[in-house]
Structures are given as C-alpha cells and as structure tokens.
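Side chains are part of it too, since the values below use all heavy atoms of this structure and drop only hydrogens, waters and symmetry mates. In listed order, ligands and their atoms are each counted from 1.
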Amino acid sequence: MKERKVRVRFAPSPTGALHIGGVRTALYNYLFAKQHGGEMILRIEDTDSQRFVQGAEEYIIEALTWLGIKFDEGVGFGGNYGPYRQSERRDIYKKYVRQLLDKGHAYIAFDTPEELEVKRNEIANFQYDASTRMQMRNSLTLSASEVQALLDANTQYVVRIKIEPNEDVHVQDLIRGDVVINSSVLDDKVLYKSADELPTYHLANIVDDHLMEITHVIRGEEWLPSAPLHVLLYRYFGWEDSMPRFAHLALLLKPDGKGKLSKRDGDRLGFPVFPLEWHDPKSGEVFSGYRESGYLPEAVINFLALLGWNPGNDQEVMSMEELIQEFDLSRCSKSGAKFDFEKCKWFNHHYIQMMDNKKAAELFMPVLAEHQIHADAAYVEKVVGMMKERVTFIKDLWETCSFFFVAPTEYDEKTCKKRWKENSAAQLTELVDVLRDREPFDIEGTEEAVKSWIDSKGYKLGDVMNATRLALVGEGKGPHIFDITEAIGKEESIRRIQRAVEVLK
Ligand code: GLU
C-alpha cells in the first residue's frame, strides 16, 4: 500500500460543552498530525438532532483555538473535502446506504418501537442479530412487493447492517494491539433512519473517514466497542485497503481513581472539567472553565499531554513544539489516567515563572483595572517580576502585591500588636530624615544608609524593619523592604511612614 499523507480528524458531537477528556483527544490528534507533517480536520458529527445543543460548535472552536490546537480543514476552516458538518451531507450518505443494501450487507427494517418492545419481553437479552432477525419485520422476511408497498405508503423504516455471525473480527489498535471480538456478540446496528433521513454515527463516521481520506482514528476508548463494527463496514464497502489505523485512548479517571471523570466532579472537587466556562442553555447551569479560572493555555496543554502519555523519561515541562517532537502513540497508557488537577496548578505556577515579565504584566493589567488601578506598564512589569514567583494564578498577584499600587489605609491588628513598639514612632520619624537625604534612592545604597543609621543609634535592626514594613504594606508580608521603597519611590515611602506614625502613635 502506498504511503498516504497523515490525516486525522477530531469529530465531536455538538451535544454540550467539550469535556476536558475531549480536549485531550483533540490534542493527541493534533500532536500526531503535526509530528507527521499531516493534516488535522474538524468534523462536526451532528446527526443526532435530539441531542443538538445551541452554541456547542462555537464553544468547541473557541476552546481549541484558545489552547493553540489548530485545524487545517473543517467546520470554520474550509477545505476540499467538505461539507464538514454531517447534517449537510445527507445526500452523500444516502448513496452509501444504497450500496450496502444492494450488496446485501444491510437490510430495511420496519419494526415499530412497540413491536421491538414485545420481542424484548418475549426473548431474554434480546438483540437484533442473526439469531433473531428472521423473526422480525424486515426486508429479509417480507417479500419484495410487501417491502415496496410499505415504502410506497411512506412507512417509517431503518436500515440495519447485516452482521455475519461466528467470525473473529480483529481491530489492530496502535495502543492496545490486536483486539479480537467475535461478530456474534455484535448486533445489527441501525445505520440509517428514514424519519430524519439521516445516518447514525456508525455509517456517517465510516463514510466520512473514507471520503476525507483519514489515515488514523485517534479517539476515546468509549468507542472501542464500536470498532469491530467499523472494521466490518470497511470490508462491506470494499475499502479495507484504505482503512484508517485505530488508537483508542484510555479514560480520564476521577482524582481518587474511582470511575470516569464526570462533569459533576469538577465543581464538587474545585477544579474545572471544561476548557472554557460553559453556560448550559438548557439547564441554565454554569460550569467553570480553565480559561476563566486563570490557567494558561500552555499549562493546560502540558498537563493534558501527560495524562495518559509520557515521553519515556522524567521530563515534565514541555512546550507544544516539544510535545509534537516527542509524542508517540505507542507510549499511551492502556489504563485510565487519574485526573490530578494539583499538577495542573503546578504547571500554571511554572509557566508563570517562565513567562517574561512584560507578558505577565500585560495579563495582570486587566486585573489591576478591575481594581481601578491604571498604572504605568514599566512599573507593573517591575512589580510582577518581583512577585510572580509567589503566585499560581496571575489574578492572585493582586492579593500579593496590591500595596505596590495603593497605600495601606488600615494596619493589621495582630501585626501592630507584635511589631509596633513603644519607640517605633520616634524611630520612624528619624528614618524619614534618613530617607529624605538619600540620593539616588536605590536599593543597595538606601539599605546601607539605613543600616548605618540604625547601627549608630544602637537600635535593633528587626524592630525598625518590622515597623517600617507595617507602615509600607499595612501588614507583615511582602518582599525585601528596600525593594519596596525603591519601587514605590522616595515621596511615597515617606508619605506612608509618616501616615503610620500619625495613625499608630
Ligand atoms: N462523534 C463522536 C464523539 O462525539 C466521534 C467518535 C469518533 O471519533 O469516532 O466523540
């Protein structure tokens, strides 16, 4: 078989917000495609109109764009294999349904829901398959003229695949190896419904993967049970030669490892399970998102990449470029990956440290604006550079360093009791004179001048420094004192000290 250009697809159904597990599937497809110089396609699988949710498609595109997962083709991206929305491909599917019927690999079934219910009650563990199909009302049991009469009368029907029993079907999975399932356990799945003139997932998926020249299907393991049926469909269509390779990714598990991660776990345990905040249009519920919670896209990507895959060494921090280099389907785990969201916070902290101060300052600006602070960009950059190692999220910078922007108006009671001594007011009044004389008002020089004044007076260094900190910050926290004085400047430092003396004396 000739080497084909790698083409993968991410094929979500727009039934709600894209779950973080779906994001991981998209990411692995992307890494694989880019590593092989291939193409990544976005196909929207909206054949189940009952489950369609308004806004879901836009959400999926916005979320993946935010994360830097880029598509070469598909809904919203164009391309030569469209349309890429399945609801717009009705006529294409009809042709292929016809083909299967003509070849005898599918048949028309007229059983009503009531008739199926009767059979289910009559036969234990009823399954529509080789063992039961000849007792049902379908084109295998009815005469050609009866079938035609029903069709002429516009009777609703479905088309079912005709699975031949007692055959071992092999799915060659790039993660799991050779997965074998006996065709007798498969049922004659519905491929098409006349009611809405739409195919079901199984048929649409195969036809589209074939027509869109998909070479690798990388998807969640919940689709593994469908894979044998898909292998059979490829064969029934005569497309075995171009059948994509499969890779089924293990589930994401709850943080305690018990069961599949669900959308309820997130808000129960305090972490998002959706990339972006999601407002459920049906229930009105709001689910938190990584973006709105202050995670950086790089951190989310790095975190997700390592949930179910590892590079084979202990490297943890990897950029998208490095991930593209290193990714390897054969290193994906066969068992579920526990969703350790603390690790995601760790990555976020890490990426904030790696980020240049200018960028971090830009991200902090809107947070400042929320607090009515409109500071000079260079000043914000300087503050951020001093303080970012202390935070996990950019927005936490406010809590950590608001005193760089606003003078304290109150003084923490506990700190006052402990740090403001009888002679503090007198000492800080003298300190003001020392500071006023300092020129330049730099970090080292000011520190030296203050320390030699303390020495000459025989004061206790700790006492003066603690009281000064209280005056500058309003409490006992913050970086090195002279980093603060240098940043806020001479006038402001003096103003703050004088005010503290005024209020606390
Ligand atoms: N539409 C399916 C989903 O929502 C796609 C499964 C597949 O990738 O084949 O996950």
Side-chain angles (χ1 to χ4, degrees), residues 6-33 38-53 55-61 63-64 69 71 73-75 81 83-89 93 161 171-176 179 189-191 198-234 237 239 242-252 260-263 273-275 278 304 308 329 332:
V6 166
R7 286 173 57 85
V8 300
R9 84 297 196 278
F10 180 57
S13 298
T15 55
L18 179 60
H19 185 275
I20 199 75
V23 176
R24 185 192 56 166
T25 301
L27 173 64
Y28 286 13
N29 272 286
Y30 178 71
L31 297 177
F32 182 82
E39 281 147 5
M40 163 96 166
I41 292 127
L42 176 63
R43 185 169 76 220
I44 296 290
E45 303 208 324
D46 57 349
T47 56
D48 188 348
S49 51
Q50 305 279 312
R51 297 185 59 216
F52 180 83
V53 171
E57 182 183 303
E58 293 77 3
Y59 178 98
I60 291 165
I61 295 175
L64 298 177
I69 296 173
F71 290 93
E73 264 175 49
V75 173
Y81 296 76
Y84 294 93
R85 217 179 261 115
Q86 289 187 329
S87 59
E88 294 165 17
R89 299 171 63 81
Y93 304 124
I161 186 169
V171 179
Q172 303 294 346
D173 189 284
L174 292 165
I175 298 172
R176 287 146 210 279
V179 180
K189 280 260 176 322
V190 172
L191 300 178
L198 275 170
T200 59
Y201 158 71
H202 302 289
L203 183 93
N205 197 261
I206 297 313
V207 167
D208 287 349
D209 284 348
H210 175 73
L211 295 178
M212 296 179 185
E213 297 185 48
I214 300 301
T215 58
H216 295 79
V217 167
I218 304 169
R219 62 185 171 192
E221 81 178 334
E222 62 273 30
W223 302 102
L224 183 58
S226 306
L229 171 67
H230 297 172
V231 169
L232 288 175
L233 274 168
Y234 276 100
F237 276 119
W239 297 335
S242 59
M243 184 166 79
R245 309 290 309 271
F246 291 102
H248 290 91
L249 307 170
L251 289 176
L252 292 185
K260 184 175 176 233
L261 180 71
S262 81
K263 70 173 178 186
V273 293
F274 294 117
W278 170 247
L304 284 179
L329 278 174
C332 286

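For H216, the side-chain hydrogen bond (donor to acceptor under 3.5 Å, both in side chains) test picks out no residue, with sequence neighbours left out. Checked against side-chain hydrogen bond (donor to acceptor under 3.5 Å, both in side chains), D208 has the following partners two or more places apart in sequence or in another chain: Q86, R89, Y93. Under the side-chain hydrogen bond (donor to acceptor under 3.5 Å, both in side chains) criterion, R176 pairs with E221, sequence neighbours left out.
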Which protein N or O atoms sit under 3.5 Å from any N or O of ligand 1? Give atom names and distances.
{"from": "ligand 1", "atom 1": "1 (N)", "to": "A11", "atom 2": "O", "distance (Å)": "2.8"}
{"from": "ligand 1", "atom 1": "1 (N)", "to": "S13", "atom 2": "OG", "distance (Å)": "3.0"}
{"from": "ligand 1", "atom 1": "1 (N)", "to": "E45", "atom 2": "OE1", "distance (Å)": "2.6"}
{"from": "ligand 1", "atom 1": "4 (O)", "to": "S13", "atom 2": "N", "distance (Å)": "3.3"}
{"from": "ligand 1", "atom 1": "4 (O)", "to": "S13", "atom 2": "OG", "distance (Å)": "3.2"}
{"from": "ligand 1", "atom 1": "8 (O)", "to": "R9", "atom 2": "NH1", "distance (Å)": "2.7"}
{"from": "ligand 1", "atom 1": "8 (O)", "to": "R9", "atom 2": "NH2", "distance (Å)": "3.4"}
{"from": "ligand 1", "atom 1": "9 (O)", "to": "R9", "atom 2": "NH2", "distance (Å)": "2.9"}
{"from": "ligand 1", "atom 1": "9 (O)", "to": "Y201", "atom 2": "OH", "distance (Å)": "2.6"}
{"from": "ligand 1", "atom 1": "9 (O)", "to": "N205", "atom 2": "ND2", "distance (Å)": "3.2"}
{"from": "ligand 1", "atom 1": "9 (O)", "to": "R219", "atom 2": "NH1", "distance (Å)": "2.9"}
{"from": "ligand 1", "atom 1": "10 (O)", "to": "W223", "atom 2": "NE1", "distance (Å)": "3.4"}

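At a threshold of 4.5 Å between non-hydrogen side-chain atoms, the residues P244 and Y234 count as touching. In this structure the side chain of F71 reaches within 4.5 angstrom of the side chain of F10, judged on heavy atoms.
Closest approach of T25 to G220, counting heavy atoms only: OG1-N, 4.3 Å.
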